[in-house]
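Below is one structure, written out as structure tokens; the observations come after it.
Atoms considered below: every heavy atom in the structure, side chains included; atoms not considered: hydrogens, waters and symmetry mates. Residue numbers start from 1 in every chain, and the chains themselves are labelled A, B, ... in the order their sequence lines are given, proteins ahead of strands.
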Amino acid sequence: MNLIETTLKKTIQYAIKKAFDTDIELDEIVVEEPKSKEHGDYATNVAMRLSKVLRQNPKAIAEKLLHELESKEDGIRKAEIAGPGFINFFMEAGSLSEVIAKVLSEDKDFGKTVCEDKRRWNVEYVSANPTGDLHPGHARGASIGDSLTRIMKTAGYDVTREYYINDAGNQINNMAKSLQARYLQSYGIDITVPEDGYHGKDLIEIAETVVSEVGDAYKDVDIEESLPFFRQIGLREETKKLRDDLWTFNVEFDVWTSEQSVYDRGLVERALKQLTDNGNTYVSEEATWLRTTEFGDDKDRVLVRGNGLYTYLLPDIAYHLNKKDRGFDVLIDLLGADHHGYIARLKAAIQALGYPSSDLEVDIIQMARMLKDGEEFKMSKRTGKAVSLKDLIEEAGVDAVRYYFVSRAGDTHMDLDLDMASKQSNENPVYYAQYAHARMCSILRNADVQPATSFELIIHPKESELCKIMFEFPQMVKDAAQTRQPHKVCNYIQKLASAFHAFYNECQVLNLEDARLSAQRLGLVKAVQITLRNALTLIGVGAPEKM
RNA sequence: GCGGCCGUAGCUCAGUUGGAUAGAGCGAGCGCCUCCUAAGCGCUAGGUCACCGGUUCAACUCCGGUCGGUCGCGCCA
């Protein structure tokens, strides 16, 4: 809630008290910005909402409130009743321009708020297996996860960003065998990559790295004997590539946790014991089961197979327990849509461990469907016929790709036309925002005076619009954090950039006859530039000074 | 068959605890640079918000059903 809206709400609350002797919570009063300018700067529907309680018709209620509202000041220039009972407020222009000084003084900190939620949050995202390149689905998860954590931090949350490296399962053995085959192939040995192995070109490149490091040292070694070597070096290289690609994509993590280390530290046994101690496991047909049905899953799940090996689920539970043990109150997992069947058992598991269901929040990131020549382009990491994150970045650039993925809600399906991606340079919305920023910087560069420190001349409609939008920024960030919807930041960016372009077209800033107005507008431009830059930073997109 | 997600303009998508005439970008048409970046601005065209019913003063929004798309439903990971 921004300053102006809060003030308005209090004014309304006071008016209701005075007119009807009725108390109403501040939270119950809705003040919003009408879609149409004719309906004023802000509007409230309290009269309609009170209609039922007070047993009076909305318009009559509004009339009485209006009488009280007009006797107050609080920057309200005019209030009027419209439609079925809305009260519209027209603000004194000067009250809006207050935000400029606030933005200028807070600068990089504008948008930050204090959070009443003091819990420790852990957000896990991407967590792609170290068996090949990141694909567009991972890119979407990375964009959203990284942006979400930036937004949550700005909204005052205590957040740790985490990546879980699945370096212990079957898929790693397959990767090792595939790498081994590529290595041997490079010495002309007739051996094929296993059917269920990984056929991507990344392993051919890693095989070349192996050759350059150890030469033919493993050429004649027994296949079984050399496998651990390829496993180890394959993991090292694949993990390094993941980190590098994510770094290039401007995506960072605070903690990288290895699945192998979960085993090595005995956490799996600890988790199994805790589940059993809580009475939530049983043995049937030689396997150990978790009673997930007790916690809402549709069937119980196997933890330890009949052959004594663990299923994927158990170490994963151990990993989540470990996160709790490390002191995190709430765990957020951003999972790909192909794992949504996994949510129920994970939520069940956290309860079986003895924690409330709300300690784990799983958000699904829907797949991005790739289109090429108007047809779906199926991807598979295993066969190597995949578009990688690196390919995407080369085609469209980091900023465009990130913006594209973050601009859509994570739970909706989306299409990405690969042909469009290459020619997206002029069509992508990210350039619209970046161009606005570059324009502002250009004005600031060309200015030969200092920005003003008071802004009473900022009363033009286009200027007031910019002020209103800036006022919204901190609340918008908070809202995006709470609802875990980074795309709201993109919507905001579009709105701010659009308002600026409109202002730019109508209002000259530099070299005006009225030097005071020029300096005040310069301050406005500086404030908008700060706000836009801060917003772009929230989603990891650059704010160029020139284009 | 069961379950998750989705269905809004030609395309890709927004739509703030249910509110006034449902929006943006791209694409289409028409205008705007003697002036701070025209990667921009203004205007126009384009909609039975998949369909049916219910709740409400008020439904794109909430509930039920139907149709369509998509993903998942292993002692795989």
Which heavy atom in [X] sits nearest to a heavy atom in [Y], and how many Å separate them?
X: A/L522; Y: A/V509; answer: N-CG1, 3.9 Å
X: A/E80; Y: A/L66; answer: N-CD1, 4.0 Å
X: A/A318; Y: A/L267; answer: CB-O, 3.5 Å
X: A/Q171; Y: A/N129; answer: CG-ND2, 3.8 Å
X: A/I172; Y: A/P130; answer: CD1-CG, 4.0 Å
X: A/A337; Y: A/Q366; answer: CB-OE1, 3.3 Å

Between A/Y431 and B/A39, does any side-chain N or O lie under 4.0 Å from OP1 or OP2?
-> no

Using the [atom1] atom as the reference point in each nucleotide, state the distance between [N] and [M] in Å, no decimals.
N: B/G15; M: B/C6; atom1: P; answer: 11 Å
N: B/U12; M: B/G7; atom1: P; answer: 12 Å
N: B/C63; M: B/G3; atom1: P; answer: 16 Å
N: B/G68; M: B/C62; atom1: P; answer: 23 Å
N: B/G47; M: B/A24; atom1: C1'; answer: 15 Å

For [X], answer base if it contacts any base atom (sugar-phosphate contacts may also be present), sugar-phosphate if it contacts only those atoms, and nothing otherwise; contact means non-hydrogen atoms under 4.0 Å.
X: A/C441; answer: nothing
X: A/E545; answer: base
X: A/A337; answer: sugar-phosphate

Pick the nucleotide of RNA chain B nearest each of A/R439 and A/Q494; which residue has the one closer to the 5' end?
-> A/Q494

Nearest nucleotide by nearest heavy atom, which residue falls closer to the 5' end of RNA chain B, A/A436 or A/H340?
-> A/H340

Would you kindly give the [atom1]-to-[atom2] distance between [X] and [N], to the nearest whole Å?
X: A/Y432; N: B/A24; atom1: OH; atom2: P; value: 10 Å
X: A/I443; N: B/C35; atom1: CD1; atom2: C1'; value: 12 Å
X: A/Y492; N: B/G15; atom1: OH; atom2: C1'; value: 18 Å
X: A/I61; N: B/C57; atom1: CD1; atom2: C1'; value: 12 Å
X: A/F405; N: B/U12; atom1: CZ; atom2: C1'; value: 13 Å
X: A/I493; N: B/A14; atom1: CD1; atom2: P; value: 15 Å
X: A/Y403; N: B/U12; atom1: OH; atom2: P; value: 19 Å
X: A/D514; N: B/C36; atom1: CG; atom2: P; value: 20 Å

Apply side chain to side chain contact (heavy atoms under 4.5 Å, CB included) to the pair A/Y125 and A/I144, showing each step before the final yes or no.
-> CA-CA 9 Å; A/Y125 48 101; A/I144 292 178; over 6 Å; no

Taking the minimum atom-to-atom distance to the side chain of [X], which one of [options] wins?
X: A/N491; options: B/G25, B/A38, B/A14; result: B/A14
X: A/A502; options: B/G72, B/G42, B/G15; result: B/G42
X: A/H487; options: B/A39, B/U12, B/G15; result: B/G15
X: A/Y504; options: B/A14, B/C36, B/G15; result: B/C36

Give each protein N/O atom lying under 3.5 Å from an N/O atom of nucleotides 75-77 of chain B, with the pair distance.
residue: B/C75; atom: O2; partner: A/G306; partner atom: N; Å: 2.7
residue: B/C75; atom: N4; partner: A/E285; partner atom: O; Å: 3.1
residue: B/C76; atom: OP2; partner: A/R305; partner atom: NE; Å: 3.0
residue: B/C76; atom: OP2; partner: A/R305; partner atom: NH1; Å: 2.4
residue: B/A77; atom: OP1; partner: A/R305; partner atom: NH2; Å: 3.1
residue: B/A77; atom: OP2; partner: A/Y312; partner atom: N; Å: 2.9
residue: B/A77; atom: O3'; partner: A/Q171; partner atom: OE1; Å: 2.9
residue: B/A77; atom: O2'; partner: A/Q171; partner atom: OE1; Å: 3.1

Is A/R439 positioned over the aromatic face of A/F500, cation under 6.0 angstrom from the ring centre and no more than 45 degrees off axis?
-> no

Using modelled atom types only, decide if a donor and an acceptor are shared between the side chain of A/H501 and the backbone of A/Y432 within a distance under 3.5 Å.
-> yes

Is the shortest side-chain N to carboxylate O distance from A/K495 to A/E472 below 4.0 Å?
-> yes

Report each atom pair, protein N/O against N/O of nucleotides 19-21 of chain B, whose distance is under 3.5 angstrom.
residue: B/G19; atom: N7; partner: A/N45; partner atom: ND2; Å: 3.0
residue: B/A20; atom: OP2; partner: A/K35; partner atom: NZ; Å: 3.2
residue: B/A20; atom: N6; partner: A/N88; partner atom: OD1; Å: 2.7
residue: B/A20; atom: N1; partner: A/N88; partner atom: OD1; Å: 3.0
residue: B/A20; atom: N1; partner: A/N88; partner atom: ND2; Å: 3.1
residue: B/U21; atom: O4; partner: A/E38; partner atom: OE1; Å: 3.3

For RNA chain B, the dot-bracket pattern of Watson-Crick and G-U pairs whose distances stay under 3.5 Å, | for other-strand partners = (((((((..((((.....[...)))).(((((.......))))).....(((((..]....))))))))))))....

For residues 340-352 of chain A, which residue pairs qualify under side-chain hydrogen bond (donor to acceptor under 3.5 Å, both in side chains), counting only residues two or more places apart or in two chains?
-> A/D316-A/Y342, A/K347-A/S357

Could you go through the side-chain hydrogen bond (donor to acceptor under 3.5 Å, both in side chains) check for A/Q13 and A/K10 one step at a time?
-> CA-CA 5 Å; A/Q13 187 183 39; A/K10 285 180 181 159; over 6 Å; no

side-chain hydrogen bond (donor to acceptor under 3.5 Å, both in side chains) filter on A/T281, not counting sequence neighbours, yields A/T276

When you compare the protein's N or O atoms with those of nucleotides 5-9 of chain B, which come within less than 3.5 Å of each other, and at what distance?
residue: B/C5; atom: O2'; partner: A/Q366; partner atom: NE2; Å: 3.1
residue: B/C5; atom: O2'; partner: A/D411; partner atom: O; Å: 2.6
residue: B/C5; atom: O2; partner: A/H413; partner atom: NE2; Å: 2.7

